[in-house]
Participant: 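Structure below; questions to follow.
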Amino acid sequence: MKGLGVARRWAGLALTVLVAVVALTALPAIAQDAAKEPAYRSFPVIGSRLAVWGVAQLHLNFAAFILGCPIFAVIIEIIGWRTRDERYDWLAHEFVKLTFAAFSTTALLGAFLLFLFVGYYPKFWTYMTSIFFPTYGVYALLFFAETFIVYLWYYGWDWLSGPRKWIHVSLGVLSNLVGTAILFVANSWVTFMISPAGVDEAGALKGSVWAAINNFTWMPINIHRLIANIVFGGTIAAAYSAFRFLSARTDEERARYDWMGYVGNFVALSAFIVLPFAGYWLGREIYAFNQTMGITMMGGFMSWLWIVQAILIGVLFLGFNYYLWLGMERIPGSERYRKFVPPMLFILTIGFIVWATPRTLVVTLDEVRAMGGTHHPVIGFFGVMSAKNTVVNLMILTTFLSFVLYRRANRISVKPWARTGMAVQWAALFVAAAIVVFYGVYGYFVESIVRIGFSVYQVLAVLSCILIVMAIDIPMFKGARSTGTIRWGTIAPRSQYVLILLAVTFTWLMGLMGFARSGIRQHWHVFGVLRDTSAEAVTPALGYAANVITIVTIVFFALVTFIFWLGGLGEKGKAGAHGHAAPVIAGASGGED
Amino acid sequence: MRVPVGVKASLFALAIMGSYTYFANSIPQIESKPPQELSLEGGNVTPAQLVKAGEEIYKTKGTCEICHRIGQKGTRAPDLAGIGSRAATRKPGMSAKAYIIESLLQPSAYIVEGYPPIMPAVDKPPIGLNRSELWALTAFLESLGGTVDVKLDDIPKTAGAAAGGGAAPELKIPGDPKSGEQVFAGKGTCIACHKAGKIGASPVGPDLSQIARIQTPDYIMKKILDPASVGTVAGFPPNVMPKDLGTRLTAREYTDLVAFLLTLK
């Protein structure tokens with residue numbers, strides 16, 4: 001049975017490599033032929049645009065997962081290696097197993113996407129090739145390197161253990177470096193389509209391809225996607241654990257997957273907290289590249305999109321907090337902190353409302369007249385960036401507070417300076433909140449260019465607060481007296497649905513942001529350079545986009561479930577493959593995660 | 001009967017996505033249609049038809065409404081109501097027609113006071129209007145308070161031919177930014193109230209670190225000579241900025257100072 005599984009996986013690798021080789025060697029030839037071809041062909045039944053849309057989104061979902069998951073898998077492996085805690089090593093292996101299962105599907109979807117471009121958008125493809133051909137080779141090389149490293153990493157787990165563990169960990173680190181490089185190369189293509197650089201007015205490359213790669217939005221998208229991938233990997237892994245938790249038959253299993261879900265969620269949350277900052281940076285670069293595009297994005301036909309986005313982000317924040325609060329219930333001693341929940345919920349709710357208030361909405365002419373302008377007299381006040389920056393920072397602080405309380409739920413510091421320490425922590429939180437609010441309000445009285453500078457102070461206040469609080473927290477609770485161990489596995493089952501909610505919401509949000517990134521080009525393949533002259537050049541409205549996103553997301557989850565099941569991940573009760581005994585979690589000492 | 005976990009989880013996930021989808025479908029549905037190409041060359045059109053076509057372009061392909069309003073002062077761009085007559089007064093010796101055409105093809109040749117130079121040349125991508133469209137658009141703008149007299153031949157032959165047409169002229173101030181920086185920190189005493197990039201830190205007046213990006217050279221020059229003439233920056237007290245700077249600085253120092261400020265972006 002096991003032999004068969006391995007054979008099947010190697011067959012999968014062979015197939016992946018074969019497809020990639022064929023696709024990449026065929027490229028130049030295909031690109032040449034394209035010159036004589038029509039600009040577009042139409043894909044049967046659903047049309048080319050939907051085909052590309054669906055496949056691109058699926059490919060992206062899978063790619064984000066297999067790039068995001070190893071990032072924290074290797075960190076967890078290192079923790080396990082340094083602390084000699086077997087639990088972490090098991091968990092890291094579990095995460096890599098998930099990654100691994102999704103690997104060939106990602107590659108196949110990528111090849112399919114390429115096929116769609118070459119076949120159905122030949123003119124577009126020829127143009128992109130004329131600019132980016134040198135990067136294709138790099139991409140192929142990186143891709144091969146990544147495949148082999150991940151295979152070694154996964155299959156070498158037992159072989160490279162003990163004194164050779166460092167080699168194994170290095171493989172993990174290396175696979176992440178290569179994975180990030182792959183992401184950066186692919187990003188250069190997408191970002192060039194949004195904000196082309198390094199080309200003349202006719203669209204021909206002026207100097208080296210580097211100028212085209214290093215365009216306005218490249219770095220911001222690199223960073224944004226890197227962080228988002230971690231969040232995504234974390235939520236998917238957590239949802240997987242939730243599923244295992246809910247279908248578990250023994251307490252031991254429940255405890256194990258409760259813990260795994262907790263770690264996955266913790267990873268997602270930590271990365272999610274910095275995501276809005278990366279988002280603002282990206283937005284600013286888009287404005288810097290082209291005012292008209294920036295304004296279309298935030299105030300034009302896309303303005304409603306940001307409200308939907310804000311709602312999704314609000315749901316995510318609430319979900320993360322709710323999960324932590326539920327998690328505290330399984331920690332003896334947490335009763336002390338229950339009183340903080342209502343005020344935190346209040347702040348989050350207010351934040352949610354303010355954030356979901358639009359800036360400028362495209363409304364009908366009659367509505368404009370009724371409101372006396374394009375900005376609503378009352379809610380328009382909340383609509384400006386100043387208010388939004390402020391509440392998102394407050395929501396981040398609140399979420400951070402939830403986390404800090406969670407950490408100390410079952411611990412009582414034995415340090416003589418604990419009182420002072422806590423006082424300083426609270427002071428740091430309040431000062432940070434005060435700075436955020438102060439600049440938020442002050443922002444209404446100054447020029448927008450000055451205001452943009454304020455958001456930097458707000459971010460700095462929040463980040464330094466996090467640093468100060470943690471710098472005190474870690475020594476303060478070293479060797480702390482315990483009020484009881486975390487009763488892993490006893491968390492309320494509804495918490496597991498929260499994990500599923502988070503995964504589904506984040507996946508959907510990724511689809512939406514993909515639509516925003518692509519839709520902002522409107523009727524251009526490459527903005528201002530290569531026009532979309534196909535019959536499907538219309539950028540659809542949000543409702544239509546939402547329908548497509550939902551269908552693709554459903555397909556994604558169906559595929560993931562199927563693949564995880566196929567990969568032998570569904571084996572009931574059995575502790576992981578490769579003789580990795582699943583650790584016993586319940587009653588494990590400490591609970592410091 | 002117990003419902004299997006798989007079924008419950010799937011239904012839950014579907015319900016979540018369903019509500020997002022429902023919400024997205026319940027808000028105003030706005031599509032972005034690709035602009036239609038308009039060709040009037042050689043054809044016979046009445047001025048009324050022309051104006052109508054121009055209005056259409058103004059609202060759709062021209063994307064002018066992103067920044068402009070008619071009959072309402074925007075914060076991004078001037079109100080275009082009455083532009084048909086106002087245009088004649090903008091530049092001495094320039095007709096309304098010529099000024100409007102110039103505004104469209106070389107927006108930074110004349111910068112309306114109080115606005116940043118962000119308007120794109122509308123015959124270049126991404127807006128990329130062709131000659132016919134420019135003709136109709138000009139007619140429409142003329143119709144706002146003026147008389148429609150534009151002919152296709154008034155639109156330069158090079159317009160709309162993407163590669164053609166010179167780059168917008170850049171304003172050059174004949175000063176030396178290095179000496180200007182010294183004036184800023186020394187004799188001008190600006191540093192007592194302003195921050196400018198790496199130098200200065202005073203919060204009394206606005207941070208000037210990006211002044212050249214947000215304000216026009218014209219505004220900056222006036223602000224130094226006569227601070228009150230161009231209004232007060234929101235959030236700052238009026239009458240604090242010294243009024244006698246124009247008399248204290250030599251012409252040389254003044255141009256150097258302006259040249260320095262124009263490097264701040």
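Chain naming here is simple, since letters A, B, ... match the order of the sequence lines and numbering starts at 1 in each.
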Participant: Quick one: what part of A:Ile549 sits under 4.5 Å from any heavy atom of chain B, side chain, backbone, both or neither?
Facilitator: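 Neither; nothing under 4.5 Å.
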Participant: Does the side chain of A:Tyr40 pick up a donor-acceptor pair with the side chain of A:Arg49 at under 3.5 Å?
Facilitator: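 Side chains of A:Tyr40 and A:Arg49: no pair found under 3.5 Å.
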Participant: Does B:Ser209 use its side chain to pair, donor to acceptor, with the backbone of B:Gly197 at less than 3.5 Å?
Facilitator: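 Confirmed, B:Ser209 side chain pairs with B:Gly197 backbone.
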Participant: Identify which of A:Leu501, A:Leu512, A:Val315, A:Asp200 forms the greatest number of heavy-atom pairs closer than 4.5 Å to chain B.
Facilitator: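 Maximum pair count with chain B is reached by A:Leu501.
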Participant: So which part of A:Thr505 gets closer than 4.5 Å to some heavy atom of chain B, the side chain, the backbone, both or neither?
Facilitator: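 When you check distances to chain B, atoms from both the backbone and side chain of A:Thr505 fall under 4.5 Å.
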Participant: Answer yes if the side chains of A:Ser518 and A:Arg521 hold a donor-acceptor pair under 3.5 Å, and no otherwise.
Facilitator: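 Yes, a side-chain donor-acceptor pair sits under 3.5 Å.
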Participant: Given A:Thr553 and A:Thr507, is the side chain to side chain donor-acceptor pair (under 3.5 Å) satisfied, shown in steps?
Facilitator: CA-CA 7 Å; A:Thr553 309; A:Thr507 312; over 6 Å; no
Participant: Taking every heavy-atom pair that is under 4.5 Å apart, which of B:Ala15, B:Ala24, B:Ala13 has the most such pairs with chain A?
Facilitator: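 Looking at each option in turn, the highest pair count goes to B:Ala24.
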Participant: Under 4.5 Å heavy-atom distance to chain B, tell me which part of A:Val504 shows up: side chain, backbone, both or neither.
Facilitator: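 Just the side chain, heavy atoms under 4.5 Å.
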Participant: Using a 4.5 angstrom heavy-atom cutoff, name the option from A:Thr561, A:Val538, A:Leu542 with the most pairs to chain B.
Facilitator: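 The option with the most such pairs is A:Val538.
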Participant: Between B:Asp123 (side chain) and B:Leu129 (backbone), is there a donor-acceptor pair under 3.5 Å?
Facilitator: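 No; judged by distance alone, with no hydrogens or angles, the pair does not exist.
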